[in-house]
Asker: 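The structure is given below, and queries will be raised subsequently.
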Amino acid sequence: MIKFFRKIRQKLLSENKFSKYLIYAIGEIILVVIGILIALQINTWNENHGINKKEIKYINRLIVDLASDTTMMAEQIKRSKVSFEYGSVLDSMTRIRSRRDLPARRIINGAQHIGRVSLPQYNSNTYDDLINTGNFNIISEPKISSRIRTHYTNLPYSWNETFDQRNEELRRIMVDLIPLKFHAAILAPKSMPHLPDPKTVLNEEEAKAIVENIIDYPKINFYFKNVTRAHLFHIRLMERLKKSTINLMDVLNTYNQK
C-alpha cells in the first residue's frame with residue numbers, strides 16, 4: 001500500500017499536479033495515523049487482557065483462601081459446641097454442688113476441655129499479597145474490591161484475645177487442681193506413646209477427690225459460666241462470619257464467570 005502511494009506521488013510530481021499530490025499526501029498521512037492508532041489499540045487490548053488474566057488469577061486465589069476459612073470456621077463451631085455442652089453440665093453441677101451420677105473422670109476431662117481452645121487463624125495470604133504489592137487496583141469492579149476489602153479489614157481479630165483471656169483463668173485453675181499425670185495423658189503428643197491412657201491414669205478415688213476440690217473451689221461456677229458464655233458467643237460469631245464468607249465466595253465465583 002505504501003509503495004502504491006509512492007508511485008502515485010512520483011507520477012503526480014512528474015506531471016506537476018501539485019494539488020492532487022497534496023490530496024494523496026494527506027491520505028498517506030491519514031493512513032499512517034490510522035496504522036499508529038490501530039497499533040496502540042492492539043497494545044492497549046493486550047495490556048488489558050494481561051491485567052484481566054491476572055485479576056482472574058487473584059480472584060481464584062481469594063476463593064481458595066475463603067474456602068479454607070469456611071472449613072476452619074466449621075471446626076471452630078464444632079469445638080465450641082462441645083465445650084458449651086461440657087460447660088452447661090459443669091455449671092449445673094457446681095450450682096447444686098454435686099456431681100450427681102456423672103463419672104468423676106468425665107467431669108475432670110470436661111473441666112479441662114472447655115478451657116482448651118484453638119483460636120481461629122484466618123487465611124489472608126492472597127489479600128495481603130494484593131495490598132503489599134499494590135495489585136489491589138487490578139480488581140476492576142469497585143463493588144467487588146469494596147466487598148473484599150471490607151471482609152478482610154473487619155475480621156474479628158480482637159475477639160481472639162478476649163476469648164483467650166476468659167479461658168486463661170480457667171486453665172490456670174485446672175492446672176492447679178488436676179494432677180500433672182492427667183494433663184500429660186490428655187495433652188501428650190503421639191511421639192510419647194509411653195504415657196498412660198487418660199482413662200486409666202486416675203483411679204476412681206483420686207478422680208472423686210479432684211472433683212470435690214473443683215466443686216469447692218471459690219467462685220468456680222463463675223469461671224465455668226464465664227467461659228461457657230464465651231463459647232456460646234464464639235459459636236454465634238463464627239456462624240455469622242462463615243455465612244458472610246460463603247456469600248463473598250459466591251459473589252467472586254459469579255464475577256469470575258462474566
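Quantities reported herein were computed from a predicted structural model and do not represent experimental measurements.
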Asker: Show the nearest heavy-atom pair for residues A111 and L170, with the distance to one decimal.
Answerer: O-CD2, 4.4 Å
Asker: Might you point out which heavy atoms bring Q112 and I178 nearest each other, and give the distance in Å?
Answerer: CG-CD1, 3.7 Å
Asker: Just verifying a value: how many Å separate I139 CD1 and I59 CD1, rounded to the nearest 0.5 Å?
Answerer: 4.0 Å
Asker: With rounding to the nearest 0.5 Å, note down the distance linking CG in L155 to OG1 in T245.
Answerer: 7.0 Å
Asker: What's the separation between atom OG1 in T162 and atom CG in N167, rounded to the nearest 0.5 Å?
Answerer: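 Interatomic distance, T162 OG1 to N167 CG, rounded to 0.5 Å: 11.0 Å.
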Asker: Is the backbone N or O of V89 less than 3.5 Å from a side-chain atom of S92, with the two atoms forming a donor-acceptor pair by type?
Answerer: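 No; judged by distance alone, with no hydrogens or angles, the pair does not exist.
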Asker: So among I215, L90, I173, which one has a side chain to side chain contact (heavy atoms under 4.5 Å, CB included) with I220?
Answerer: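 Passing option: I173.
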Asker: Please determine whether residues I246 and I63 belong to a single hydrophobic cluster, defined as Ile, Leu, Val, Met, Phe, Trp and Tyr linked transitively by side-chain heavy-atom distances below 4.5 Å.
Answerer: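 No.
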Asker: Cluster question for you: counting only ILVMFWY and a side-chain heavy-atom cut-off of under 4.5 Å, with indirect links fine, are V175 and V227 together?
Answerer: no
Asker: Distance-only, no hydrogens or angles: does the D69 side chain make a donor-acceptor pair with backbone N or O of Y122 under 3.5 Å?
Answerer: no
Asker: Any heavy-atom pair between the side chains of E55 and S140 that's under 4.5 Å?
Answerer: yes
Asker: Working to the nearest 0.5 angstrom, can you tell me the gap between I114 CD1 and N109 CG?
Answerer: 11.0 Å
Asker: Measuring from N213:CG to D176:CG, what's the distance to the nearest 0.5 Å?
Answerer: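 Spacing of CG (N213) from CG (D176) equals 9.5 Å.
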Asker: Hydrophobic clusters here meaning ILVMFWY residues chained together by side-chain heavy-atom distances under 4.5 Å, can you tell me if Y58 and V251 are in one?
Answerer: yes
Asker: So among F224, Y86, F163, which one has a ring pair (Phe, Tyr, Trp, His ring centres under 6.0 Å) with H231?
Answerer: F163
Asker: Please determine, by modelled atom types, if D65 and N125 share a side-chain donor-acceptor pair under 3.5 angstrom.
Answerer: no
Asker: Taking the side chain as C-beta and beyond, is there a heavy-atom pair between T254 and M249 under 4.5 Å?
Answerer: no
Asker: Just by modelled atom types, is the I77 backbone N or O under 3.5 Å from a matching donor or acceptor in the S80 side chain?
Answerer: no
Asker: Listed by chain and number, what are the ring pair (Phe, Tyr, Trp, His ring centres under 6.0 Å) partners of H151, not counting sequence neighbours?
Answerer: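 With neighbours one apart ignored, the set is empty.
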Asker: Counting only N and O atoms by type, is there a donor-acceptor contact under 3.5 Å from the side chain of E169 to the main-chain atoms of R166?
Answerer: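 Not a single qualifying donor-acceptor pair exists.
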Asker: State plainly whether the residues R79 and E75 are in salt-bridge range, i.e. N to O under 4.0 Å.
Answerer: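 Answer for the salt bridge query: yes.
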Asker: Can you confirm whether R61 is buried at CZ, in the sense that more than 12 heavy atoms of other residues, nucleotides or ligands lie under 6.0 Å from that atom?
Answerer: yes
Asker: Is the count of non-hydrogen atoms from other residues, nucleotides or ligands lying under 6.0 Å from R95 atom CZ greater than 12?
Answerer: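 Counting other residues, nucleotides and ligands, CZ of R95 exceeds 12 neighbours.
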Asker: Given the rule in the side chain to side chain contact (heavy atoms under 4.5 Å, CB included) test, do I107 and I210 qualify, once you have shown the distances and angles that lead to the verdict?
Answerer: CA-CA 10 Å; I107 294 171; I210 293 168; over 6 Å; no
Asker: Between the main-chain N or O of P142 and the side-chain N or O of S146, is there a donor-acceptor pair closer than 3.5 Å?
Answerer: no
Asker: When the side chains of residues 233-243 are checked against the rest of the protein, which donor-acceptor pairs come out under 3.5 Å, sequence neighbours left out?
Answerer:
from : atom 1 : to   : atom 2 : distance (Å)
H234 : ND1    : W159 : NE1    : 3.0
H234 : NE2    : Q76  : OE1    : 2.7

Asker: Answer yes or no: is there a donor N or O on one side and an acceptor on the other, between the side chain of N226 and the main chain of F222, under 3.5 Å?
Answerer: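 A pair under 3.5 Å: no.
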Asker: Treating Ile, Leu, Val, Met, Phe, Trp and Tyr as nodes and any side-chain heavy-atom pair under 4.5 angstrom as an edge, say whether I108 and V82 lie in one connected cluster.
Answerer: yes
Asker: Do the side chains of K57 and K53 get nearer than 4.5 Å, heavy atoms only?
Answerer: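 A side-chain contact under 4.5 Å is absent here.
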Asker: Short question: side chain of N154, backbone of T150 - any donor-acceptor pair under 3.5 Å?
Answerer: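 Yes; at least one donor-acceptor contact below 3.5 Å.
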Asker: Determine whether Y157 and L66 fall in the same hydrophobic cluster, where Ile, Leu, Val, Met, Phe, Trp and Tyr are linked whenever their side-chain heavy atoms lie under 4.5 Å apart.
Answerer: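 Same hydrophobic cluster.
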Asker: Fit a plane to each ring of Y127 and Y152, take the angle between them on a 0 to 90° scale, and name the class: parallel (under 30°), tilted (30 to 60°) or perpendicular (over 60°).
Answerer: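 Ring orientation, 0 to 90° scale: parallel.
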Asker: Take L119 and E161 through the side chain to side chain contact (heavy atoms under 4.5 Å, CB included) test and state the conclusion after the steps.
Answerer: CA-CA 9 Å; L119 295 174; E161 298 175 4; over 6 Å; no
Asker: In Å, rounded to the nearest 0.5 Å, how long is the span from CE of M174 to OH of Y217?
Answerer: 8.0 Å
Asker: Do the side chains of T228 and D91 get nearer than 4.5 Å, heavy atoms only?
Answerer: no
